Student: 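Here it is: the structure, laid out below.
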Amino acid sequence: MHRYRTHKCNELRKTDAGKTVKISGWIHSVRDHGGVIFIDLRDHYGKTQVVINPQSKCYQELDRWRPETVACFIGKVVERIPETVNPKLETGDIEVAAEEMEILGDADVLPFQVAKEEQSPEALRLKYRFLDLRREQLHKNIIMRSQVISEIRRLLTGMGFNEFQTPILTSSSPEGARDYLVPSRVHPGKFYALPQAPQQFKQLLMVAGFDKYFQIAPCFRDEDARADRSPGEFYQLDMEMSFVTQDDIFAVLEELLPAIFNKFSTKKVDTAPFVRIPYREAMSKYGSDKPDLRNPLFMQDVSEVFANSGFNAFAAAVKNGGIVKAIKVPGIAGQPRKFYDDMIAFAQSAGAKGMAYIIWSNGEEKSPIVKFMSRAELDKLKELGNIQDGDVMFFLADKEKLVNAVGGQVRTELGNKLGLIDKNVFRFCWIVDFPMFETDEESGQIIFSHNPFSMPQGGMEALMTKNPLDILAYQYDIVCNGVELSSGAIRNHRPDVMYKAFEVAGYGPATVDERFGGMIRAFKLGAPPHGGIAPGVDRMVMLLADEPNIREVIAFPFNQQAQDLMMNAPAEVEMKQLRELRIIPLPHPLKFEKTFKDLQEEARKASVEE
RNA sequence: GGGGGCGUAGCUCAAUUGGUCAGAGUGCCACCCUGUCACGGUGGAUGUUGCGGGUUCGAGCCCCGUCGCUCCCGCCA
């Protein structure tokens, strides 16, 4: 007989009755009747009821076990009588009558219960993550994550992709997020950076002729957390392909994503091709570059109606270069007054000065603003909004950017409050035609709006002839239910176009050579046209597991302050290590550049004296 | 860096307007119980109400500060 087990805890059935078996696992729950004792023994696979009768020789050994003790039982499989069958357990037709037991791992009193899916403080859950991971829901999520990744590998390999590894210790990239830095011992004062994404490496693999690349790539960014953004590190399904257009990349994702989502969820999944929405349209209609298409509401421009109306607040907004936008909500005229007040308060908390509304009910308009408007204006609104009796329109007026931003939030709030969002579907869309450049709000300069490696639409000619702000890029996002899964782009693989693009953004060729020397050198020695995309693995699994928080699909996540409460990271290190790295930690509030320089000078003197 | 929410027993939470409010469930400990499956029953122990200060005759409750967690803004090419 095996040292620990002949069967797993989900295996035994009626047909096994009479066999002597050995099973091991955690004591999930104990029901002690004074005479007979029942134990649910749990392992990764399931649960089995163990019965200990008073005449069993292990009955006396039951001193000090607690829930979550790891134990091994030898006993005979017994078919349960019909009255005692437990239909909730896979193994509920049988039980194991224990003859011998062995404690394999003691358990102290638990900081929280494993057998109950009871909420407990996240800090505690993170500190005792190994316990939390035993709980059913989290355990299932992590297994799903494993299976999703395994399926991605299977599908992509089948589509001719090869999986690669790229360096974890690399150099700091001048663009993008804050880097995590790793000091070099061999080169004191110099630093490696952890990759924010293997962006340049995957492009170089294309230049190297590998044609189709993918990697379940760890990415490191020193930025603050959100519910859907784990600080520190996360995983991307990083992909890159040569000799492709934007449509080719879309086709791969439109095959891959429905396959994955259909396999791991029972929700209805959009079929290919996914809707494509130009960036500007997304901002204008949904007030977001990651619209949740489950929400049927959208904004429309009604500035023309109010431009000359008697409603001065709106007319003035239009005269001052702003716009008025409307969100039509069908059939909610019966909502109480409080609903409108709450929505207005919400809009104000989102940054609006106010929000107006008109209710079409029983053939007439009801609203505080109606008295300022002409019949013709009201009729025009009705026509623009294709209004039926019972419909309501909400209005926001201000500068376009603000109206879009607030309107987007109002749209989401209305969708949530009114239950307009179908929880049983996955709605995908591509956001395309991102602008190549934008104006920096502080300096007024032209800057890259996404990443400098994207190919401008129209190529060199567009860069030479068009207003930079009108140039679009072959840059796209894929969005699912309002969650941005991924950004991608057809890359700029031509050095001449690259230099020109940087010139538009105010950088000379020397800067390009200095910052992206490796890439430019590669592009000068025969680079294929290429492009790619990198869907977030954590976010995909989060959607599939129907979890509102990304930490629920990561085995060992950081908390929001980028700490690992279980491993106690980050932590101070030995003085010896710091000395080797030539690093002196400074006290936390370091307010002045001068303080820093003084300390640097002192450190220099000290090291000379040594 | 900024804003919101939360912080009462190991855990989940309650405590009316500032006045017998230091409480329940669960867990823990002890005992009882031979068919439960979240077993049941009896009894018991457990609190710096996150921390510090203030207002008050009196603070879990109000005020100020601080710490922790979380959500959001900034940030995330």
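The figures that follow rest on heavy atoms only: side chains count, while hydrogens, waters and symmetry mates do not. Just so it is clear, the model here is predicted, and its values are computed rather than measured. Here is the naming used below: chain letters follow the sequence lines, and residue numbers restart at 1 for every chain.
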Student: The criterion is ring pair (Phe, Tyr, Trp, His ring centres under 6.0 Å); which residues satisfy it with A:Phe523, sequence neighbours excluded?
Tutor: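 Not a single residue meets the ring pair (Phe, Tyr, Trp, His ring centres under 6.0 Å) criterion with A:Phe523.
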Student: Could you state the atom-to-atom distance from NZ of A:Lys127 to C1' of B:G68 in whole Å?
Tutor: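 Spelled out: NZ on A:Lys127 to C1' on B:G68 is 13 Å.
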Student: Would you measure the distance from the P atom in B:C13 across to the matching atom in B:C67 and give it in whole Å?
Tutor: 25 Å
Student: Rounded to whole Å, please give me the gap between NE2 in A:His28 and P in B:G27.
Tutor: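 Between P of B:G27 and NE2 of A:His28: 13 Å.
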Student: Produce the list of close N/O pairs, under 3.5 Å, pairing protein atoms with atoms of nucleotides 44-47 of chain B; give distances to one decimal.
Tutor:
none

Student: Roughly how far apart, to the nearest Å, are B:C69 and B:C63 at atom C1'?
Tutor: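 The same atom, C1', in both gives a distance of 23 Å.
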Student: Return the value, rounded to whole Å, for the distance between atom CZ of A:Phe346 and atom P of B:C73.
Tutor: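 Interatomic distance, CZ of A:Phe346 to P of B:C73: 11 Å.
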Student: Using ring pair (Phe, Tyr, Trp, His ring centres under 6.0 Å) as the criterion, list what pairs up with A:Phe250, not counting sequence neighbours.
Tutor: A:Trp430, A:Tyr476
Student: On a whole-Å scale, what distance lies between the C1' atoms belonging to B:U26 and B:A38?
Tutor: 11 Å
Student: List in chain and number order the residues that pass side-chain hydrogen bond (donor to acceptor under 3.5 Å, both in side chains) with A:Asn86, two or more places apart in sequence or in another chain; answer none if no residue qualifies.
Tutor: none
Student: Between B:C76, B:C11, B:C72, which one does the side chain of A:Glu223 approach most closely?
Tutor: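 Output: B:C76.
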Student: From CG of A:Asn559 over to C1' of B:C6, roughly how many Å is that when rounded to an integer?
Tutor: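 Roughly 16 Å, once rounded to whole Å.
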Student: Expressed as a whole number of angstroms, how long is the span from A:Leu565:CG to B:U70:P?
Tutor: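 Taking atom P of B:U70 as the reference, CG of A:Leu565 is at 8 Å.
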Student: Roughly, in whole Å, what's the span from CD1 in A:Ile52 to P in B:C39?
Tutor: 15 Å
Student: Can you tell me how far P of B:C29 sits from CG of A:Leu110, to the nearest Å?
Tutor: 10 Å
Student: What pairs of residues pass the salt bridge (Lys or Arg N to Asp or Glu O under 4.0 Å) test when at least one of them lies in residues 41-51 of chain A, not counting sequence neighbours?
Tutor: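 Sorted pair list: A:Arg5-A:Asp43, A:Arg42-A:Glu68.
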Student: With sequence neighbours left out, write down each residue that passes ring pair (Phe, Tyr, Trp, His ring centres under 6.0 Å) with A:Tyr499, or none if nothing qualifies.
Tutor: none
Student: Expressed as a whole number of Å, how far does the C1' atom of B:G2 sit from that of B:C21?
Tutor: 38 Å
Student: Go through the N and O atoms of the side chain of A:Arg226 and the base of B:G74, and report whether any donor-acceptor pair is under 3.5 Å.
Tutor: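 Donor-acceptor pair under 3.5 Å: yes.
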Student: Decide, yes or no, whether a salt bridge links A:Arg229 with A:Asp224 under the criterion of side-chain N to carboxylate O below 4.0 Å.
Tutor: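 A salt bridge is absent here (no side-chain N lies under 4.0 Å from a carboxylate O).
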Student: Under 4.0 Å, heavy atoms only, any strand: does A:Glu122 hit a base, just the sugar-phosphate, or nothing?
Tutor: sugar-phosphate
Student: Find which nucleotide of RNA chain B each of A:Arg229 and A:Arg551 is nearest to by heavy atoms, and output the residue with the more 5' nucleotide.
Tutor: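 Comparing both residues, the 5'-ward one is A:Arg551.
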Student: For the residue pair A:Asp238 and A:Tyr213, confirm or rule out a side-chain donor-acceptor distance under 3.5 Å.
Tutor: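 Yes, a side-chain donor-acceptor pair sits under 3.5 Å.
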Student: How far does the C1' atom of B:G7 sit from the matching atom of B:G60, given to the nearest Å?
Tutor: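 Their C1' atoms lie roughly 11 Å apart.
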Student: Among A:Val537, A:Leu543, A:Val541, find the residue that satisfies the side chain to side chain contact (heavy atoms under 4.5 Å, CB included) test when tested with A:Val553.
Tutor: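 Answer after filtering A:Val537, A:Leu543, A:Val541: A:Val541.
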Student: With sequence neighbours excluded, give me every salt bridge (Lys or Arg N to Asp or Glu O under 4.0 Å) pair touching residues 545-571 of chain A.
Tutor: A:Glu122-A:Arg551, A:Arg125-A:Glu552, A:Lys267-A:Asp546
Student: Taking B:C75 as the reference, what is the distance to B:G58 when you measure between their C1' atoms (whole Å, please)?
Tutor: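 Those two atoms are separated by 48 Å.
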Student: Enumerate the residue pairs fulfilling salt bridge (Lys or Arg N to Asp or Glu O under 4.0 Å) with a member in residues 70-86 of chain A, sequence neighbours excluded, ordered by first and then second residue.
Tutor: A:Arg80-A:Glu95
Student: Pairs under 3.5 angstrom only: tabulate donor-acceptor contacts from the side chains of residues 399-407 of chain A to other protein residues two or more places apart or in another chain.
Tutor:
residue: A:Lys399; atom: NZ; partner: A:Asn320; partner atom: O; Å: 3.0
residue: A:Lys401; atom: NZ; partner: A:Glu441; partner atom: OE2; Å: 2.4
residue: A:Asn404; atom: OD1; partner: A:Lys325; partner atom: NZ; Å: 2.6

Student: Quick one: the dot-bracket string of RNA chain B, using Watson-Crick and G-U wobble pairs with both distances under 3.5 Å, [ ] for crossing pairs and | for bases paired to another strand.
Tutor: (((((((..((((.....[...)))).(((((.......))))).....(((((..]....))))))))))))....
Student: Rounding to the closest angstrom, what is the interatomic distance between B:A15 and B:U8 at atom P?
Tutor: 14 Å
Student: OP1 or OP2 of B:C69 versus the side-chain N and O atoms of A:Gln563: is any pair under 4.0 Å?
Tutor: yes
Student: For a quick check, tell me whether the side chain of A:Arg221 and the base of B:C76 share a donor-acceptor pair closer than 3.5 Å.
Tutor: no
Student: Taking only residues two or more places apart in sequence or in another chain, which ones pass ring pair (Phe, Tyr, Trp, His ring centres under 6.0 Å) with A:Phe214?
Tutor: none
Student: Starting the side chain at C-beta, find the nucleotide from B:C75, B:G10, B:C29 nearest to A:Arg178.
Tutor: B:C75
Student: Using atom P of each nucleotide, how far apart are B:A45 and B:C33 to the nearest Å?
Tutor: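 To the nearest whole Å, 24 Å.
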Student: Classify the ring geometry between A:Tyr279 and A:Phe434 as parallel (under 30°), tilted (30 to 60°) or perpendicular (over 60°).
Tutor: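 Rings of A:Tyr279 and A:Phe434: tilted, as their planes differ by 30° to 60°.
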Student: Between A:Phe558 (CZ) and B:U70 (P), how many Å, whole number?
Tutor: 13 Å
Student: Compare side-chain N and O positions of A:Gln561 against OP1 and OP2 of B:C69 and report whether any pair is under 4.0 Å apart.
Tutor: yes
Student: For B:C69, take OP1 and OP2 only and decide whether either is under 4.0 Å from a side-chain N or O of A:Arg125.
Tutor: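 For B:C69, neither OP1 nor OP2 has a side-chain N or O of A:Arg125 closer than 4.0 Å.
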Student: Using a heavy-atom cut-off of under 4.0 Å over every strand shown, decide if A:Asn549 touches base, sugar-phosphate, or nothing.
Tutor: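 Since only primed, P, OP1 and OP2 atoms lie under 4.0 Å of A:Asn549, the category is sugar-phosphate.
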Student: Heavy atoms under 4.0 Å is the rule here; annotate nucleotides 32-38 of chain B 5' to 3' with B where the base is hit, S where only the sugar-phosphate is, and - elsewhere.
Tutor: -BBBBBB
Student: Strictly below 4.0 Å, N to O, side chains only: are A:Asp398 and A:Lys353 in salt-bridge contact?
Tutor: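 Looking at A:Asp398 and A:Lys353, the cut-off is met.
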